[in-house]
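First the proteins, then the strands, lettered A, B, ... as listed; each starts at 1. Here the structure is a predicted model, which is why all the values come from computation and not from measurement.
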Amino acid sequence: MPELPEVETIKNTLKRFVIDKTITDVSVFWPNIIKQPDDIDHFKHLLTEQSIRDIHRRGKFLLFELDDAVLVSHLRMEGKYSVHPSAEPLKKHTHVIFKFNNGEELRYNDVRKFGTMHLFKKGDERNNKPLNQLGPDPFDEAFTLDYFYQKLKKTDRVIKSVLLDQAVVAGLGNIYVDETLFKAHIHPLKKANKLKKREAKAIWEAAIHTLKEAVAQGGTTIRSYVNSQGDMGMFQQELFVYGHENEPCKTCGNPVVKMKVGGRGTHVCVSCQKMK
DNA sequence: TTGGGTGTTGAGTA
DNA sequence: ATACTCAACACCCA
């Protein structure tokens, strides 16, 4: 589910409920979610008596900064965090619970159980998988047009696949890649190394602009996404092509086509987005 | 009823 | 290097 704007919104809404709360107990009902450390009891031990000092985002990852540790969490398709009184009944698909010292608890809910958690000693998280595989954040100074254009020039893949590659730029997913390419007037099947610098610039600007706008709207709710206060996003109203197959393109009126690119459903206006 | 599709990403295979 | 299939899992819908 969540791409950068949704994770950013979750971070912002979750913060106010968990900052300076101390974890007194941890329950794990689906151990496969915990990727590190291997031993679940060790995972619990390392978190117990730790307080959450801050939450950060890196690409699509949430980083819970504790006193001595950092919990790196990826929501994959359907992961959600929310805070509840301990007495409140559990929703279906709650898999991990971090009990606090104030009668509340942070709950991780994930219908498809695809999400992951990696726990590190503070400072180790950046030098290890999964974070050390990531390219720059789209909003980071390191994500310059020159960096982006160099990456495009040296790969033979189609542009959509490159934009989905988190090692190139961290945070874009299927929705925002389709929207970015529509705004840049570039066909998703165009080879990255065939793009001119002005086309690279159009994509680069469209990606940053689209993500910023989506953050401002609290993300995109297609099926199930809600932030940590339970609110839906609003950016679905701003989508041009994603989810609009067979509807008239908002720019030219020709029907939006849905195709497969790199195994992912892909929405394109073949009139506005030229292969050239 | 059932097969195909879903906002993700890793592994394994040519 | 790249592309493709499959896997993880639950649910929705034509």
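In this structure, Ile175(A) atom CD1 and dT6(B) atom P are separated by 12 Å, rounded to whole Å. Remark: P of dG4(B) and CZ of Arg264(A) are 19 Å apart, rounded to the nearest angstrom. In this entry the distance linking CE of Met77(A) with P of dA7(C) reads 17 Å, nearest Å. Separating the CZ atom of Arg58(A) from the C1' atom of dT8(B) is a distance of 17 Å, rounded to the nearest angstrom. Summarising the geometry, the separation between CG on Leu164(A) and C1' on dT2(C) is reported as 15 Å, rounded to the nearest angstrom. Here dC9(C) presents its P atom at 16 Å from NZ of Lys92(A), a figure rounded to the nearest Å. Separating the CD1 atom of Ile10(A) from the P atom of dT8(B) is a distance of 13 Å, rounded to the nearest angstrom. Distance, Arg112(A) CZ to dC9(C) P: 11 Å, rounded to whole Å.
In this structure, Thr155(A) reaches the dT2(C) phosphate: one of its side-chain N or O atoms is under 4.0 Å from OP1 or OP2. Residue His74(A) places no side-chain N or O under 4.0 Å from the OP1 or OP2 atom of dT8(B). For dT6(B), one of the phosphate oxygens OP1 or OP2 lies less than 4.0 angstrom from a side-chain nitrogen or oxygen of Lys258(A). Residue Lys260(A) has a polar side-chain atom (N or O) positioned under 4.0 Å from OP1 or OP2 of dT6(B). The side chain of His93(A) places no N or O atom within less than 4.0 Å of a non-bridging phosphate oxygen (OP1 or OP2) of dC9(C). Note on Lys60(A): a side-chain N or O is less than 4.0 Å away from OP1 or OP2 of dT9(B).
For Gln166(A), whose side chain is taken as the heavy atoms from C-beta onward, the closest listed nucleotide among dT8(B), dC11(C), dT9(B) is dT9(B). With dC9(C), dT9(B), dG5(B) as the candidates, the nucleotide lying closest to the side chain of Phe114(A) is dC9(C). Taking every side-chain heavy atom of Val111(A) into account, dA10(C) is the closest of dT8(B), dC9(C), dA10(C).
Between dT5(C) and dG4(B), the distance separating the two C1' atoms is 16 Å to the nearest Å. Going from the P atom of dC9(C) to that of dT1(B) covers 25 Å, rounded to whole Å. dC6(C) and dG5(B) are spaced 13 Å apart, taking the P atom of each and rounding to whole Å.
Gly263(A) comes within contact range of no nucleotide atom at all, as no heavy-atom separation falls under 4.0 Å. As judged by a 4.0 angstrom heavy-atom cut-off over every strand, Tyr242(A) is placed among residues touching the sugar-phosphate backbone only. Note on Thr116(A): nothing from the nucleic acid sits closer than 4.0 angstrom, heavy atoms only.
dC9(C) is unpaired under the Watson-Crick or G-U wobble criterion, no partner having all donor-acceptor distances under 3.5 Å.
In this structure, Lys212(A) is positioned above the aromatic face of Phe139(A), its NZ or CZ under 6.0 Å from the six-membered ring centre and within 45° of the axis.
With His74(A) as reference, Phe61(A) is the one residue of Phe114(A), Phe61(A), Tyr81(A) to meet the ring pair (Phe, Tyr, Trp, His ring centres under 6.0 Å) rule.
Under the 3.5 Å distance criterion, with hydrogens and angles disregarded, no donor-acceptor pair is assigned to the side chains of Lys21(A) and Ser51(A).
The aromatic rings of Tyr147(A) and Phe143(A) stand perpendicular to each other, their planes meeting at an angle above 60°, with 30° marking the opposite boundary.
How far CD1 of Ile222(A) is from CE of Met232(A): 10.0 Å, rounded to the nearest 0.5 Å. The CG atom of Leu181(A) sits 10.0 Å away from atom NE2 of His187(A), with the distance rounded to the nearest 0.5 Å.
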